[in-house]
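We use all heavy atoms of the structure for the numbers below, so side chains are in, but hydrogens, waters and symmetry mates are not.
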Amino acid sequence: MVKATIDFKNSERLLQAMSKIPEQSEEVINRILKSKGTTEVMHGIVGFMPISARKKRHAKESSSLKERLFNLGFEVLPKPTYSYLVFPNDGRGAHNKVAQEFFEKGLESKEDMLLDMLVDELVRVQEKALSI
């Protein structure tokens, strides 16, 4: 199965921001990941997808990905119709000699931006709580 999972366990900035509003941080992070994070990461992955020369509908030009949300995280997976994406991503099969790793590259290209969004929103919520 091809999937991209974001992991911020080692992010000191995120942990510090979460510790300042521990009772709200989980809800804030889940909300941002659902509303913006999954979309941004999917755009990143699609940006690295190849387009073959074949005359057909391509995953890059379709709604080929879906997200699976869980507490404080998400996965991006190909929709069942596009499960073949494992072959070019991993370099499997006779026609895919090189692993293109577009899931990994797309996720990596958005990690810093996503981390910034999460920290910024946590700080905003904290500042709002302090001003009340």
Side-chain angles (χ1 to χ4, degrees):
M1 177 185 321
V2 176
K3 66 181 176 181
T5 305
I6 200 136
D7 180 12
F8 291 124
K9 289 180 184 171
N10 296 324
S11 173
E12 190 63 34
R13 285 177 49 218
L14 184 59
L15 293 174
Q16 286 177 357
M18 289 174 68
S19 70
K20 293 180 180 175
I21 54 167
E23 66 285 343
Q24 292 177 294
S25 61
E26 185 176 330
E27 184 275 325
V28 170
I29 290 173
N30 286 331
R31 179 172 40 84
I32 294 300
L33 292 178
K34 181 178 180 181
S35 66
K36 298 176 185 174
T38 57
T39 304
E40 288 295 328
V41 171
M42 285 193 276
H43 286 303
I45 292 168
V46 168
F48 284 97
M49 281 183 181
I51 296 181
S52 71
R54 293 176 51 196
K55 301 266 189 230
K56 64 174 189 117
R57 185 172 174 171
H58 297 283
K60 185 171 187 158
E61 299 166 336
S62 305
S63 177
S64 59
L65 304 176
K66 66 179 180 176
E67 76 274 355
R68 186 180 72 81
L69 297 164
F70 49 86
N71 193 37
L72 301 177
F74 65 91
E75 291 180 325
V76 176
L77 306 145
K79 290 181 179 176
T81 306
Y82 298 96
S83 61
Y84 67 85
L85 290 172
V86 67
F87 297 106
N89 188 74
D90 295 348
R92 292 192 214 169
H95 300 289
N96 298 292
K97 304 291 184 200
V98 177
Q100 297 180 31
E101 299 179 335
F102 45 85
F103 272 82
E104 294 81 359
K105 291 175 185 175
L107 174 62
E108 185 179 323
S109 73
K110 297 295 183 175
E111 280 181 334
D112 289 339
M113 188 252 340
L114 186 54
L115 178 61
D116 290 341
M117 281 190 328
L118 293 171
V119 171
D120 290 347
E121 183 64 13
L122 287 165
V123 168
R124 188 191 68 73
V125 170
Q126 177 195 6
E127 288 172 352
K128 183 179 177 185
L130 290 174
S131 68
I132 294 177

Item to check | Linked, directly or transitively: V41 and M113 (ILVMFWY side chains, under 4.5 Å) | outcome: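 Shared cluster, yes.
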
Next on the checklist: Let me check something: do I45 and L69 share a hydrophobic cluster, defined by ILVMFWY side-chain heavy atoms less than 4.5 Å apart, either directly or through other members?
Outcome noted: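 Yes.
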
Which pairs would a plain distance check flag for residues 116-123, meaning a side-chain donor or acceptor within less than 3.5 Å of a matching protein atom at least two apart in sequence or in another chain?
{"residue": "D116", "atom": "OD1", "partner": "R13", "partner atom": "NH1", "Å": "3.1"}
{"residue": "D116", "atom": "OD1", "partner": "R13", "partner atom": "NH2", "Å": "2.9"}
{"residue": "E121", "atom": "OE1", "partner": "R124", "partner atom": "NE", "Å": "3.1"}
{"residue": "E121", "atom": "OE2", "partner": "R31", "partner atom": "NH1", "Å": "3.3"}
{"residue": "E121", "atom": "OE2", "partner": "R31", "partner atom": "NH2", "Å": "3.2"}
{"residue": "E121", "atom": "OE2", "partner": "R124", "partner atom": "NE", "Å": "3.4"}
{"residue": "E121", "atom": "OE2", "partner": "R124", "partner atom": "NH2", "Å": "2.7"}

Checklist entry - K79: what forms a side-chain hydrogen bond (donor to acceptor under 3.5 Å, both in side chains) with it, not counting sequence neighbours? => result S63

Next on the checklist: So, using side-chain hydrogen bond (donor to acceptor under 3.5 Å, both in side chains) as the criterion, who are the partners of N71 when residues are at least two apart?
Outcome noted: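 Expected list: E26, N30.
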
Could you tell me the separation between the [atom1] atom of [X] and the [atom2] atom of [Y], rounded to the nearest 0.5 Å?
| X | Y | atom1 | atom2 | result |
| --- | --- | --- | --- | --- |
| L72 | F70 | CG | CZ | 9.0 Å |
| L77 | S83 | CG | OG | 11.0 Å |
| M49 | F103 | CE | CZ | 5.0 Å |
| E101 | F48 | CD | CZ | 11.5 Å |

Give the minimum heavy-atom separation between [X] and [Y], together with the two atoms involved.
| X | Y | answer |
| --- | --- | --- |
| G37 | L114 | CA-CD1, 3.4 Å |
| F102 | N89 | N-OD1, 2.9 Å |
| P78 | K66 | O-CE, 4.0 Å |
| K60 | P50 | CB-O, 4.3 Å |
| S64 | A59 | OG-O, 3.0 Å |

Checklist entry - Under 3.5 Å, is there a donor-acceptor pair between the side chain of K105 and the main chain of Q100? => result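 Checking the backbone N and O of Q100 against the side chain of K105, a donor-acceptor pair under 3.5 Å is found.
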
Next on the checklist: Between S25 and K20, is there a side-chain heavy-atom distance shorter than 4.5 Å?
Outcome noted: no

Checklist entry - Is any side-chain heavy atom of L65 less than 4.5 Å from a side-chain heavy atom of V46? => result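 Yes, at least one pair of side-chain atoms sits under 4.5 Å.
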
Item to check | For K56, all residues meeting side chain to side chain contact (heavy atoms under 4.5 Å, CB included), sequence neighbours excluded | outcome: S52, R54, H58, Y84

Checklist entry - Who are the side chain to side chain contact (heavy atoms under 4.5 Å, CB included) partners of L130, not counting sequence neighbours? => result Q126

Checklist entry - Which residue pairs pass the salt bridge (charged side-chain N to carboxylate O under 4.0 Å, His left out) test when at least one of the two sits in residues 33-51, sequence neighbours left out? => result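 Matches after skipping sequence neighbours: E40-K110.
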
Next on the checklist: I'd like to know whether L115 forms a side chain to side chain contact (heavy atoms under 4.5 Å, CB included) with L14, so could you lay out the CA-CA distance, the side-chain angles of the two residues, the decisive distance to 0.1 Å, and finally the verdict.
Outcome noted: CA-CA 7 Å; L115 178 61; L14 184 59; 3.7 Å; yes

Item to check | Those residues that, when tested against R57, pass salt bridge (charged side-chain N to carboxylate O under 4.0 Å, His left out) (two or more places apart) | outcome: none

Checklist entry - Are more than 12 heavy atoms from other residues, nucleotides or ligands located less than 6.0 Å from atom CD of E108? => result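 12 or below, so no.
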
